[in-house]
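I have placed the structure first, in the form of structure tokens, so that the comments after it can refer back to it.
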Amino acid sequence: MRDKDQGATMAWKTLDDMDLAGKRVLARVDINVPLEGGVVTDATRIERISPTVQDILSKGGKPILLAHFGRPKGVRVPDLSLQQLVPALEAAFGAHVVFAADCIGPGAVAAADALKEGQVLLLENTRFHAEEEQNDPEFAKKLAEVGDVFCNDAFSAAHRAHASTTGVAELLPSCAGRLMQAELSALEAALGEPERPVVAVVGGAKVSTKLELLGNLVEKVDQLVIGGGMANTFLAALGKPVGSSLCEHEMADTAREILGKAEAAGCEIILPEDIVVAREFKANAENETLRADACPEDAMILDAGPETVSRIKVALKSAKTLIWNGPLGAFEIEPFDAATVAAAKYAAKRTIEGKLTSVAGGGDTVSALNRAGAAEDFSYVSTAGGAFLEWMEGKTLPGVAALGG
Ligand code: 3PG
Ligand code: MG
């Protein structure tokens with residue numbers, strides 16, 4: 001469970017606390033970006049580590065990027081070589097990027113030593129070594145030989161206790177990078193010591209994958225909006241028909257337990273009051289809007305209706321803080337993105353007006369917000385998927401804890 005350390009984000013050393021002049025700065029970054037035909041299709045994670053790279057350079061340090069890519073499981077998979085990312089990194093940093101074909105060993109050490117002022121070194125995928133995910137101490141030692149200082153800027157990989165996220169942090173003087181700092185302070189503002197009232201929006205397909213998250217949130221937030229496929233499980237648990245909707249009927253007891261826990265904690269649960277149903281799961285399928293207790297047997301619920309959106313807007317209007325994970329409907333097909341888009345746009349508007357601190361992250365959330373054109377207007381959009389969820393569950397992330405030393 002989260003302990004006080006998780007909130008004490010400012011206790012960690014940052015790049016400002018380190019003397020970097022002439023030092024090899026081993027920077028753990030998350031550049032696990034989507035690639036299509038060798039081309040980066042979303043460079044967000046690369047752009048977001050740029051401040052750390054620039055700061056290391058301006059302090060006279062040598063940035064040495066340490067990262068995983070995909071899940072090669074200890075095997076050298078050419079398609080998962082980080083070398084493919086060199087052009088995208090050079091474009092983002094405006095600096096020459098040298099590539100080392102292994103993240104450990106004499107080649108990596110020599111490349112780090114030979115690095116010239118203003119250059120960046122990229123080390124090959126750490127997961128080409130099985131010892132990385134095993135957090136093998138010998139492997140961590142070899143990683144530590146490539147740097148003098150360790151800087152962890154990979155919040156989105158901090159839920160993994162791997163050699164490059166935790167092992168090496170114990171061996172070198174360590175600090176948090178700029179993106180790590182930004183992620184931690186945004187999350188602290190949203191769930192650590194937030195301005196109240198706090199509204200959480202949680203959507204997505206399944207209750208079963210977000211149980212711990214819902215259980216933690218009902219104790220932390222004032223109102224919890226439940227949307228997407230998982231809302232159907234709650235509707236069914238309350239005795240409402242859900243037709244052929246995505247629904248985990250076997251989770252009914254668990255859903256009722258969460259509702260009971262919320263009531264005890266004084267957290268108001270906002271479920272769909274009206275629903276948009278269709279007979280087919282496809283774009284522009286014929287659909288109708290009905291009361292939440294009126295789903296026909298042969299129909300499936302694909303979105304929340306306009307009354308639900310109005311209810312969410314009322315909650316957002318009085319809220320000071322919003323934390324958002326997951327879409328409210330089948331946002332990837334029109335028109336079933338309507339509730340997600342309308343709620344996201346309203347949250348963006350309140351944020352622009354200075355009335356709301358809005359933080360979003362995890363899996364599909366960023367693409368849902370991008371679809372609404374709202375992502376840029378949120379106070380903070382996390383680069384993290386799984387790590388964001390684990391943080392919302394109240395867990396201490398090993399990569400963050402390792403910086404606490
Ligand atoms: C991510 O893409 O969420 C992170 O890079 C972590 O990747 P992983 O789930 O393969 O550990
Ligand atoms: Mg992942």
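Order of listing sets the numbers, starting from 1, for every ligand and every atom in it.
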ask   = With sequence neighbours left out, what residues match Phe139 under ring-ring contact (aromatic ring centres under 6.0 Å, His included)?
value = His129
message = Just to verify, what does His162 make a ring-ring contact (aromatic ring centres under 6.0 Å, His included) with, not counting sequence neighbours?
response = none
message = Walk me through whether Asp377 and Thr351 qualify under side-chain hydrogen bond (donor to acceptor under 3.5 Å, both in side chains).
response = CA-CA 7 Å; Asp377 297 322; Thr351 307; over 6 Å; no
So which bit of [X] gets within less than 4.0 Å of ligand 1, heavy atoms only: side chain, backbone, both or neither?
{"X": "Arg127", "answer": "side chain"}
{"X": "Ala157", "answer": "neither"}
{"X": "Arg45", "answer": "side chain"}

ask   = Of Lys116, Gln119, Glu90, which is the lone residue that meets side chain to side chain donor-acceptor pair (under 3.5 Å) with His96?
value = Glu90
inquiry  = Are there over 12 heavy-atom neighbours, none belonging to Glu263, within less than 6.0 Å of that residue's CD?
reply    = no
ask   = N/O to N/O below 3.5 Å, does that happen between His159 and ligand 1?
value = no
task = Could you list the atoms of ligand 1 found under 4.0 angstrom from a heavy atom of Ser156?
result = 4 (C), 6 (C)
query = Can you list the atoms of ligand 1 that are under 4.0 Å from a heavy atom of Asp30?
reply = 4 (C), 5 (O)
message = Within 45 degrees of the ring normal and closer than 6.0 Å to the centroid, is that where the cationic atom of Arg48 sits relative to Tyr380?
response = yes
query = Who gets closest to atom 11 (O) of ligand 1 by heavy atom: His68, Arg160, Arg71?
reply = Arg160
